[in-house]
Amino acid sequence: MSHDNASNPCLVIIFNHKYDKNIEALEQLYAEKFRNMFFLVPFYTGTKKNVIPVYESSHYFQGYIAQGFKHFYRPEFTHYFFVGDDLILTPAVNERNYQAVLGLDQNTSYIPEIITFHNTGYWSRKHLSISFYDNRNGSEGRHELPAPDEALARFAEHNITLGNLGYVDIFGKTKWQDLADSPAKAARNLYKYYWRWRHLKAPADNKVKLPYPVVFAYSDIAIVSAECIQRFSHLCGVLSAQGLFVEIALPTALLLSAKRIITNNDLPFKGVAMWTPEEVQAVSDRYGYSLKKLIAGFPEDVFYYHPIKLSQWHSN
């Protein structure tokens with residue numbers, strides 16, 4: 001494969017779990033597309049030099065990036081592809097053509113989407129944004145973050161405006177008086193009571209202001225420019241120390257770091273995220289659990305498939 005010296009990305013594959021056996025399959029899968037490849041693997045004890053051991057909960061895998069930074073960083077790399085080990089990229093994108101195909105210049109990064117919390121309905125992880133300063137006792141990460149007003153200004157540069165959270169945003173459609181009615185939902189109801197008592201202390205129609213500006217997004221893939229990689233990695237570590245779930249922390253860190261961000265709406269592809277067992281099974285059946293058939297028959301309009309569990313597929 002010929003190579004343009006101005007295009008020199010690094011592929012960093014993130015493992016949520018210690019599935020060492022998948023490393024070889026992924027190396028074979030991407031070897032002809034990316035010369036520079038690293039793996040972030042929890043509790044890795046092997047000897048491969050491009051596998052970096054990390055130590056953090058998978059719920060905060062942005063912390064893996066911060067821990068691994070000094071191992072995978074090179075000043076000559078132009079972008080860093082952070083990709084889950086169960087996310088398979090289209091073979092149409094490689095280290096030589098990715099900038100042109102994806103529309104990435106030296107100051108541009110990518111994440112699939114950016115979603116604000118207000119008017120989005122209930123999401124189980126949303127409480128972590130409300131309790132931002134209290135998620136992990138002993139963390140001093142707040143001192144490493146830009147001030148809230150400065151963070152809001154950075155968000156505005158990306159045309160992101162935040163609103164306050166209403167009752168439905170925090171607790172869903174369940175009525176306050178019905179929260180404790182069902183014994184089967186007792187644990188969840190107590191959980192909701194707790195956050196309402198601690199953070200609302202007000203009638204159900206009042207709204208809550210986030211203590212610190214954050215967003216959320218699908219985060220199993222991100223492409224970060226060299227221009228902001230050090231700042232991004234640092235903030236990933238800070239937000240891990242704050243106990244912020246990765247799908248809040250990673251896009252927030254990128255907004256606070258990158259000069260320009262594109263999303264799936266700006267790409268000639270669509271990312272295929274499969275949320276149900278039926279969707280996963282349909283893709284598995286289509287390619288007979290064969291990675292070779294998947295790569296050979298990858299649809300032209302698909303940027304990635306996720307999840308593809310390599311332990312269930314054969315690499316041929």
Nearest-0.5 Å distance that lies between atom CZ in F61 and atom CD in E247: 7.0 Å

Test ring pair (Phe, Tyr, Trp, His ring centres under 6.0 Å) applied to F245 and F216, step by step: CA-CA 9 Å; F245 187 63; F216 70 104; over 10 Å; no

Could you tell me whether the side chain of N264 reaches within less than 4.5 Å of the side chain of P112, counting heavy atoms only? yes

Might you confirm whether atom CD of E279 has over 12 heavy atoms from other residues, nucleotides or ligands at distances under 6.0 Å? yes

The reported gap from CG in L294 to NZ in K292 (rounded to nearest 0.5 angstrom) is 13.0 Å

Should L40 and Y60 be regarded as members of a common hydrophobic cluster, given that ILVMFWY residues are connected when their side-chain heavy atoms come within less than 4.5 Å of each other, either directly or indirectly? no

Which atom names give the shortest non-hydrogen contact between A66 and C236, and what distance separates them? CB-C, 4.4 Å

Under a 4.5 Å side-chain heavy-atom rule over Ile, Leu, Val, Met, Phe, Trp and Tyr, are Y133 and L244 clustered together? yes

Do you know which of Y304, F303, Y98 makes ring pair (Phe, Tyr, Trp, His ring centres under 6.0 Å) with Y110? F303

Any side-chain to backbone donor/acceptor pair from T78 onto N8? Under 3.5 Å, distance only. yes

Connected via hydrophobic side-chain network under 4.5 Å: V283 and W275: yes

Mind checking the CZ-OG1 spacing from R154 to T252? Nearest 0.5 Å is all I need. 12.5 Å

Quick one: do S139 and Q242 satisfy side chain to side chain donor-acceptor pair (under 3.5 Å)? Show the steps, please. CA-CA 6 Å; S139 170; Q242 288 298 121; 2.8 Å; yes

If I take atom OH from residue Y80 and atom CZ from residue F232, how far apart are they, to the nearest 0.5 angstrom? 12.0 Å

Answer yes or no: is there a donor N or O on one side and an acceptor on the other, between the side chain of D220 and the main chain of I14, under 3.5 Å? no

Taking all non-hydrogen atoms of both residues into account, name the closest pair between L128 and G243 and its distance. CD2-O, 4.1 Å

Find out whether F77 and I229 are in side-chain contact, i.e. whether some heavy atom of one side chain is under 4.5 Å from a heavy atom of the other. no

Is there a side-chain contact between L239 and L250 in this structure, where contact means two heavy atoms from C-beta onward sitting under 4.5 Å apart? no

Using atom types as modelled and distance alone, determine if a side-chain donor or acceptor of Y30 lies under 3.5 Å from a backbone N or O of L89. yes

Scan side-chain atoms only and decide if T108 and R260 contain a donor-acceptor pair under the 3.5 Å cut-off. yes

Between CE on residue M37 and CZ on residue F81, distance to nearest 0.5 Å: 12.0 Å

Within one Ile-Leu-Val-Met-Phe-Trp-Tyr cluster: I115 and I248, side-chain cutoff 4.5 Å: yes

Look at the rings of Y19 and H17 and say which category their plane angle falls in: under 30° parallel, 30 to 60° tilted, over 60° perpendicular. tilted

If we count only N and O atoms by modelled type, under 3.5 Å, do the side chains of N164 and H118 hold a donor and an acceptor together? no

Any non-hydrogen side-chain atom of K259 less than 4.5 Å from a side-chain atom of C228? no

Considering non-hydrogen atoms only, spot the tightest contact between R74 and F38 and give its length. NH2-CZ, 3.5 Å

Gap separating the CG atom of L29 from the CH2 atom of W313, nearest 0.5 angstrom: 11.0 Å

When you compare the side chain of I23 with that of K48, does any pair of heavy atoms fall below 4.5 Å? yes

Any side-chain heavy-atom pair from Q106 and S225 closer than 4.5 angstrom? no

Taking all non-hydrogen atoms of both residues into account, name the closest pair between F69 and Q230 and its distance. CZ-CG, 3.3 Å

So, the side chain of H79 versus the backbone of D105: is there a donor-acceptor pair under 3.5 Å, distance only? yes

Do the charged groups of R136 and E56 touch, with an N to O distance under 4.0 Å? yes

With a 4.5 Å cut-off on side-chain heavy atoms, are F82 and F72 touching? yes

Keeping the roles fixed (side chain from H71, backbone from I52), state whether a donor-acceptor pair exists under 3.5 Å. no

Classify the ring geometry of F132 against Y212: parallel below 30°, tilted from 30° to 60°, perpendicular beyond 60°. parallel

Taking the side chain as every heavy atom from C-beta outward, state whether L255 and I111 have any pair of such atoms under 4.5 Å apart. no

Taking the six-membered ring where the residue is Trp, are the ring centres of F15 and Y64 under 6.0 Å apart? no

With no hydrogens and no angle check, is any side-chain donor or acceptor of D86 less than 3.5 Å from a backbone partner on H306? no

Check whether more than 12 heavy atoms from other residues, nucleotides or ligands sit under 6.0 Å from atom NZ of K270, and answer yes or no. no

What pair of heavy atoms forms the shortest contact from P211 to P148, and how long is it? O-CG, 4.3 Å

Are the side chain of T116 and the backbone N or O of V215 linked by a donor-acceptor pair below 3.5 Å? no

Start with the C-alpha distance between V224 and L254, add both sets of side-chain angles, then the distance that settles side chain to side chain contact (heavy atoms under 4.5 Å, CB included), and finish with yes or no. CA-CA 8 Å; V224 180; L254 195 59; 4.0 Å; yes

Give a yes or no on whether the backbone of T263 and the side-chain of D266 come within a donor-acceptor separation of less than 3.5 Å. yes

